[in-house]
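Heads up: numbering here begins at 1 and tracks the sequence. All values below come from the heavy atoms of this structure, side chains included, with hydrogens, waters and symmetry mates left out.
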Amino acid sequence: MLIVQTILVFSLLFIRGTYSEVVPCNHNTPVCKCTATDPTDVCEFRLDIEMLQTFTRYVVDATGDSRGTAGRVWNYNDAGNLQPQGSEGPCGVDIPLGDNRCTDPFTVDGYTFRSFIAVNGRIPGPTLIVTEGQLVKVNVINRLASESVSVHWHGMHQRNSNWMDGVEHVTQCGIPPGASFTYIFKAEQYGTHWYHSHSGAQRTDGLFGALIVKEKDDKLKEKLLEEVKELMDFRITSYEDSPEQHTLILLDWQKSSSLDLFTQIHSTIRYFDIDQASEVSGSGADRLYSSDGAEIGPVPYWSGLINGRGRHNSVDYIKSSLSEFKVTAGKTYRFRLIGAQSLYAYRFSIDGHKLIIIATDGQYINPKANNVGSGSGMKKDIVVDYIIIHSGERYDFLLQTKNENEMNKEFMMRAVILSNTMEERGSAEAILNYNQQSIESNQYQAIAMRSQMSYRDICTSTDKCEALNCPFQNFPVSFNIDCIHIHDLESLTDYPGELPDVATSDNSRLFFNFGFEGTRQTSTINGRNLKLPSASLAQLEASELTDIRDNEYCKDEKNENDEKKCDRDNTNEVISQDCYCTHVVDAEADRPYELVISAVGPNPTQRTNFLFAHPVHLHGHYFHVVDIQFGTTDLVTGRLIAGNSDIDCGGDTLCVRPRWKPGKDYSTRTGVTGRVSSKAPLKDTLLIPAGGYAVVYFKTDNPGWWFLHCHIEVHQLEGMGVIINEGGFKTPPPGGMYKCGDFPLATDQFISATAVTPLPTSEPTGTSATSPNTNSGGGGGGCFPPDAVVRTRNGPLLMKDVEIGMELLAVSSNHKLVYSPVILMLDVDDIKLANYTIIESSGNHKLTLTPNHLVHASKTNDISSSVPIFASQVKKGDKIFVAKSPDVIEAVEVFSTSSKVIKGAYAPLTREGTVVVNDVVASCYAVVNDHQFAHATFGPLRYFYDTFHTSLHSKQKQGIAWYPSILHDYAGIAERIQNVSRRCTDRCVALNCPFKEFPEAINIDCMHITDLQLLTDYPEDLPTIATDNSKRLFFNFGFEGTRRTSSVNGRNLKLPSASLAQLEPNKLTDIENNEYCMDPTNNEDANTNKCDRNNEVEVISSDCHCTHVVDAEADSSIELVLSATGSKEQRNNYAFAHPIHLHGHYFHVVEIAFGEYDNNGTLIAGNDTIDCGDSYLCVRPRWKTNKDYSTRTGMTRVSSKAPLKDTLLIPAGGYAVVYFKTDNPGWWFLHCHIEVHQLEGMGVIINEGGMKTTPPDGMYKCGNFSLTIDEFKGIISNDTSALTPVPTLIILLLLVLLSL
C-alpha cells in the first residue's frame, strides 16, 4: 500500500508538470493578459512586427492578423468625424469603426501621414501582463521588408540567459526579415516594465509596448498601504490595480522616421525642417533648451502621444483622438507611467490631482516622510504635482479621485517638454474621465479650457508645487516649484540581499562620462564612440571572441600607457579610428562596484561637451542610487554656470579617463563607510544631469555582456554606449541560435569552393539594333478624377467620357474663355489609386486634381496677374479663377485645401493647354526647374521639350514654365506635332515599348526585344523547343483579387525563414514541410482552383502566402512562359507591365505577345493564348490547345540569333516566351523588378537541380530560432536532467518502486 501511495504522489507531481497558457495576442487584443497566476506557470505570447501607415484601416483576417496588405486611408472631416477616402477598397463605412474585421485608423497626432512599425497591428504594441516568477515565452515574427529586429525586455535581468537580452550584435543576431525568434525569460522582477526594439532606430518608430509583472502575493501592497494611510490630506485604505486600464506610455512623435531623423542630425549636421532642398537656408532649425540652459533637443518638437494618440499643435481638438482613462469618484487607483521617448523628457501632470509616488523602474519606494535635500534633515511626503520622466524610466503613482459632488468630470492629463519657460510649447495629452461614457472629440477643447489653470495659479510662493526627478538642481525661483531628486527617495522595504560595500579604492570603481566628442559633437563615453561588434558577443566561442578582442575592441581602455588617448577636438578627423571602436570594459565576478556616471568636462566653464542631460540604462541589473550631484547653479535663475569639479577628466579637451579628484570620492565626501544604505532606491535607468554626476552601486552576480547606454535613441545610435563584460561563468547559448558577423573570403577559398560547379552560361558576344531616338514610357501622371465635370458646347460632360477631338471650355493665352479641341489624352486609367488635392473656394467651387498639376492662382482678382502653380502649393486666401458662364471669368478665394485618394485618373490636353474643370481654370502639364515634365513618365512630351527648351526656359514663372507657352508659339495642332522634332518626319522609333504600338498621331513606331538579333551566333548548345509541359514553366505576374496583392500564379511569396543555399538536408526538409506552398504551381495533379480567390474574407490566404519554390530538372531545356494576363472580366488583376529578372542565367527571348487594344491604344483584354485555369486569378497557367509555341511556330530549336536577356518587360495583358538551360544548379530568384511588387510577394524561387556546391565555412546562417520551456530550464540550470521527458521519469520511478 505504501508503494502504491508513493507511486500516486510522485505521478501526480510529474503529471502536473508545467502549465503553459497560450495567451490570445493579435490585432484585436490591445492587452494580452496571462490568466494563469501560479509562479510556476508559463505564459506564451506572439508578437508580429510589420510596417503600416498612419490614417489607414487594415483588413484583419480570421486569425486576427493583418499583415498590412489591404485597407483604406481615412481622415477627419470638418465635423471631426473619421471618413474613408475614395469609394473603392475594403474597410469603408460598411465596416463601422471598432469592428474587429478591420483595424481602426492610426490617427496618432491627427496630422502626420507616415509609415510606422506596428506590433500586432498597433502602436504601441500590446500590453503584456504576467505574474512574478513565471516563465514568459514570446515568439517574435519579423514581417518587415528589409530590416532585422531584436526585442529587449527592459527591466528583466535575464539571469543565466544573457543571450535573451535582445541587443542586436551584443547578445544576439538580428531576426532577419521573414524569420521568427522565440524569447524565453523568467519574470523575476515585478513591477512596471516594457519591451522595445534594440535594432537601429525602430523603437521610436513604434516597436515598443508595456510589460507588467504583477506581484505573486500581497505582502508589498499591504506594506505600502501601511505607509500610505499615514499621508496627510489622504485617507487611503485600498487601491485598484488594473494595468490593462491604467498604463500610460509616452512618446515624442516625429515628423519622419527615426532613422531619417538620425541621418539628418548625426554629429554636427543640423536639422532642417523642410521638404525641398530649395528651401534650405541658414544654419538649420533652432535647438531647444531647458530652464538650466541645457539642450533638450537638436530638432524642433513635433508632437507627443500617450498610448499612441495625441494632437499636433496645428490640429484642432475636434480632429484628434486622445487616449482616455476611466475612473470612478471617491476611489484610489494605481497608474503606471512609462517613458518611451526618443529625445525629450516630459513633465507629467493631471489637472486638479496630486500624484502619490509608490514605485520607480518597478521597485517600490516609500511615499511617506523621506529625507529630502541632501542632508538637510527635512522630511517630505513624496506627493507631487509633476513627474519628470525620461526615456526608459517608469513611475507608478496612486491617484485619489475626487468626490461625487465635484462639478468637473473630465480632466486633462498632460506631458509637457522641459522648455526654458513653463508654457506648454510641446506636449502630449490624454483625458481622465470620471464618466462611464466615452468622450467625443468635440468635447476636448472645452475640457482643456475648463481644467487648465496657469502654473502660476497652481504654483505660488506660499504654496509651491513639487516635481520629482528634476534634471537640474532647481527650477528658477519664479516658477515656484521645488525639486525632489531620486537619491532623496527611500525604498519601501530594506534591500533583501547582501548590500554592496562602499568603495574606498579605484579597484572597485567604474567611471563613465557621457559627453560629445570635440568639434564634431559625436556622442561618446570616455571619448570613445561605440562601434557595435561585428558578431554577437554572447554567442561567440573563445577563439572567435579573441579575434574580435584583438581587432575590434578599443585599445588601452584604462589609458595606462597614454594619458591623452582619445583626447582630441577632431579638427582634422571626423571620428578617430582608434576611438571609434567596440568599447568593452571588464568587471570581475562576485564583487560590488561603485559606478560613477557623469556628464562633465575637463574645464567646468566650457560647457559645450556636456550641456545635455542623459537618461542612462544598465542592462541585467538594478543599481542602488546613493548620490546625485549637480554643477554650479544660479539658485535664482536655475541656470547652469559651470560643471561639477569633483571629477578629474584625465584629458584637456575630452573626459577620456575620469576618476575622483583627491578627497572628492563618495566615501570621503560623505563619510559613508561599510555598506550601502539598505533603503537606497533601486533603479535601472537614471538621469545624469548636465554638468553633474551620479554614484550608484551594483554587484556583479549576473555574468554576461551587459549594455550600458544613453536611452536617448540618437545618442545611443551615434555611439554613446559601452559593453560591460561581467565575469563569471556565462551560460552557453542554446543550440540553433544562429551566429552573425563579418564574412571574409579569400580568392583561393572561393575558387576551391566553386571548383566543382559546371561552367556558367556563356555571356553574349554582343547585340545589335537600330538605335532609338528616344526613350518611351507609358501612362501619365494623373490629373483629374473620372467624375470631374468639363464643359462642352452641348453642356456638361464627365471627365471619363472625354475623347480626342471634343471641344472643351478652356482659357486662351489672352485670358479669354474659348472652346478648345482635345489633341491628346495623356492619361486614361480607371484602375490606379491616386492622391488628389482638393481645393475649395467661396461660391461652393471645388477643384480636384493631382498635386503636381496646375491651377491659375493670384493674390489679386485680375486673371492677367495670375501664374500657374502646382495644386499642392495653393494656400488658403489665394485667388483662383472660375468660369461663371462661357463668357465670364471671376476670381474666388480659396478657403481650404485637403487631400484624398481617388480611383482613376484622366489627363486631357487641349490646344490651349488649359481646361475648365468643375468651373475652375486648370491644366495638366508643366515643366519644372530641372527641365523635367511633371508628366515625366509620358515619353513623347520630351520631344516638345527637346525642340522648345530655349523658349521654355525663358518663360519660367516661379520655377514653372507653363505648357501653353509651348503651344502658343506654334499655329495648328498638325504643325505642332510635325514640328515637335524634325527627326520624326519619317517617324521616330522607340525601343522596348511596354505595349504593342503608340497611337498613330504620335508618329512613333515601336521596336520590341524580339526584333533584335545577337551580333554573332550563340556559341553554346541551343535549347530545344518544348513539346510538352514537362519542360515548361508558366509564371503569371498579377494582383491577388480584390486586395490587389502582388502575386505569381496567385501565390504571394513569403521569403523562407533561412537562406536555402546554406541549409543542410534536414533543415531544408523542415522548411519544405512547413513553409513551402503546398500545391506546386506546375503540378498536373494539382487542384486547379488552388489560390483562386478574390480575398473577400482573407487578407492573404495562409495557404497561398507561402515560400513559392518550383523545381527545375538539371541539364534540361526549359521553356519559360512569363505572362501578365487573365480573364477579360478581371483586367484589374493584370493591367500592369512587369520587368522580370531571372537570377543565375541569361535566357533566349523568342516571342513577346500583347493583349487586345482599342483604336485609342487602350488595353481592353488580355491575350487569350494562355489558359489561366480558373475563374478569377491565373493560378495555373498553361497553353490552350494547339496554342503552344512549338505548334504555332513549328520551331524545334531556339534561333542562334535570338537576343539574350536577364531582365525582360512583360506587357500588361501579354506574355513572353523565353528559353534557358538548367546548367547552373542553385536556388535562383525570378521576380518583378519593380521593388514594391517584389517586396509585396511577386517572386518565385527556382530550385535548379544538379549538384549544388557547399557554401564556404564561416558563412553565417540565419533563420527561425525556437526553444522549448524544458530546453530553456535545462540550459539556465546547467542540468541536463531537466531535458528528460516527464513520461520517461515516471516509468523509471515506477520501475524503481516496483523493484522495492
Side-chain angles (χ1 to χ4, degrees), residues 19 21 33-43 127-136 153 155-157 159 185-194 210-231 234-247 331-338 355-370 381-383 394-400 486 489-500 621-625 675-684 698-699 701-702:
Y19 170 73
E21 177 183 341
K33 183 176 181 179
C34 189
T35 59
T37 57
D38 191 303
T40 64
D41 291 335
V42 178
C43 301
T127 296
L128 310 183
I129 303 177
V130 298
T131 299
E132 176 191 358
Q134 290 178 329
L135 280 177
V136 180
W153 310 94
M156 299 295 100
H157 294 173
R159 189 167 298 277
F185 55 89
K186 193 171 185 180
E188 293 180 305
Q189 290 71 43
Y190 56 77
T192 302
H193 306 295
W194 61 309
L211 171 63
I212 308 301
V213 181
K214 302 200 72 172
E215 296 85 349
K216 60 186 176 183
D217 55 46
D218 291 333
K219 292 178 181 178
L220 287 170
K221 182 175 182 179
E222 292 167 1
K223 172 64 175 172
L224 177 65
L225 286 171
E226 288 178 11
E227 300 294 337
V228 170
K229 68 183 181 182
E230 300 295 327
L231 293 174
F234 297 92
R235 294 180 180 178
I236 298 175
T237 57
S238 65
Y239 62 85
E240 290 189 16
D241 182 11
S242 300
E244 55 268 48
Q245 299 178 35
H246 297 134
T247 298
K331 290 189 175 184
T332 302
Y333 296 88
R334 178 177 182 170
F335 277 77
R336 301 167 186 264
L337 187 64
I338 300 170
L355 313 177
I356 305 169
I357 310 301
I358 62 168
T360 178
D361 293 359
Q363 288 293 302
Y364 282 102
I365 63 104
N366 191 343
K368 174 66 179 170
N370 287 257
D381 294 342
I382 312 301
V383 180
R394 291 89 70 207
Y395 290 93
D396 293 32
F397 61 89
L398 296 183
L399 182 79
Q400 189 174 54
I486 295 301
L489 305 179
E490 292 182 357
S491 291
L492 179 65
T493 60
D494 290 334
Y495 183 68
E498 184 181 2
L499 289 164
H621 288 276
Y622 278 122
F623 46 71
H624 306 259
V625 182
R675 296 185 184 275
V676 168
S677 167
S678 64
K679 290 292 181 69
L682 292 170
K683 293 272 286 177
D684 60 32
F698 75 107
K699 292 197 71 173
D701 56 2
N702 190 15

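Of all non-hydrogen atoms in Cys43 and Gln134, the two that sit nearest each other are SG-OE1, 3.1 Å. Nearest heavy-atom pair, Tyr333 versus Tyr239, reported as atom, atom and distance to 0.1 Å: N-CB, 4.5 Å. Taking each heavy atom of Arg159 and Asp701 in turn, the nearest pair found is NH1-O, 2.6 Å. Residues Ala680 and Ser491 approach most closely at O-OG, 3.2 Å, considering heavy atoms. The shortest non-hydrogen separation linking Asp41 to Thr37 is OD2-N, 4.0 Å.
Glu215 and Tyr364 are linked by a side-chain donor-acceptor pair at a separation below 3.5 angstrom, with hydrogens and angles left out of the test. Side chains of Arg394 and Thr192: a donor-acceptor N/O pair is absent below 3.5 angstrom, by distance only.
The side-chain heavy atoms of Thr35 and Glu21, taken from C-beta on, include a pair separated by under 4.5 Å. Counting heavy atoms from C-beta outward, Lys214 and Val130 have side chains that stay 4.5 Å or more apart. Side chains of Lys331 and Glu240 form a contact here, defined as non-hydrogen atoms less than 4.5 Å apart. Val676 places a side-chain heavy atom less than 4.5 Å from the side chain of Pro500. Side chains of Arg336 and Asp241 form a contact here, defined as non-hydrogen atoms less than 4.5 Å apart. Counting heavy atoms from C-beta on, the side chains of Ile212 and Thr247 come closer than 4.5 Å. Side chains of Val136 and Lys186 form no contact here, defined as non-hydrogen atoms less than 4.5 Å apart. Contact annotation: the side chain of Ile356 approaches that of Phe234 to within less than 4.5 Å [non-hydrogen atoms, C-beta and beyond].
Annotation: the span from Leu489 atom CG to Leu682 atom CG amounts to 11.0 Å, rounded to 0.5 Å. Considering CG of Leu225 and OG of Ser238, their distance stands at 7.0 Å, rounded to 0.5 Å. Residue Ile338 holds its CD1 atom at 8.5 Å from CG of Asp396, rounded to the nearest 0.5 Å. In this structure, CD on Glu227 lies 10.5 Å from CD1 on Ile365, to the nearest 0.5 angstrom. Between the CZ atom in Phe623 and the CG atom in Asp684 there is a gap of 6.5 Å [rounded to 0.5 Å]. Note that CG of Leu128 is 10.5 Å distant from SG of Cys34, once rounded to the nearest 0.5 Å.
The local environment of NZ in Lys699 is crowded, with over 12 non-hydrogen atoms from other residues, nucleotides or ligands closer than 6.0 Å. For Lys216, the NZ atom counts as loosely surrounded, since its 6.0 Å shell holds 12 or fewer non-hydrogen atoms of other residues, nucleotides or ligands.
Legend: residues meeting side-chain hydrogen bond (donor to acceptor under 3.5 Å, both in side chains) with His157, ordered by chain and number and at least two apart, are Gln189. Scored by the side-chain hydrogen bond (donor to acceptor under 3.5 Å, both in side chains) test, Asp218 finds no partners at all (sequence neighbours excluded). Residues passing the salt bridge (Lys or Arg N to Asp or Glu O under 4.0 Å) test with Lys229: none are found, sequence neighbours excluded. Partners of Phe397 by ring pair (Phe, Tyr, Trp, His ring centres under 6.0 Å), not counting sequence neighbours, listed by chain and number: Phe335, Phe348. Scored by the side-chain hydrogen bond (donor to acceptor under 3.5 Å, both in side chains) test, Lys33 finds Glu244 as partners (sequence neighbours excluded). With sequence neighbours left out, Glu226 forms a side-chain hydrogen bond (donor to acceptor under 3.5 Å, both in side chains) with no residue at all.
Ring-centre distance between Tyr495 and His624: below the 6.0 Å cut-off.
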Could you please spell out the steps behind the side chain to side chain contact (heavy atoms under 4.5 Å, CB included) verdict for Val228 and Leu398? CA-CA 9 Å; Val228 170; Leu398 296 183; 4.0 Å; yes
Begin with the C-alpha distance, continue with both residues' side-chain angles, and end with the deciding distance and a verdict on side-chain hydrogen bond (donor to acceptor under 3.5 Å, both in side chains) for Thr493 and Lys223. CA-CA 8 Å; Thr493 60; Lys223 172 64 175 172; over 6 Å; no
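Ring orientation note: the planes of Tyr622 and His193 are tilted relative to one another, at an angle of 30° to 60°.
Side-chain atoms of Arg675 come within 3.5 Å of backbone atoms of Leu499 as a donor-acceptor pair (strictly under, hydrogens ignored).
The side chain to side chain contact (heavy atoms under 4.5 Å, CB included) test with Lys368 singles out one residue from Leu224, Ile382, Asp381, and that residue is Asp381.
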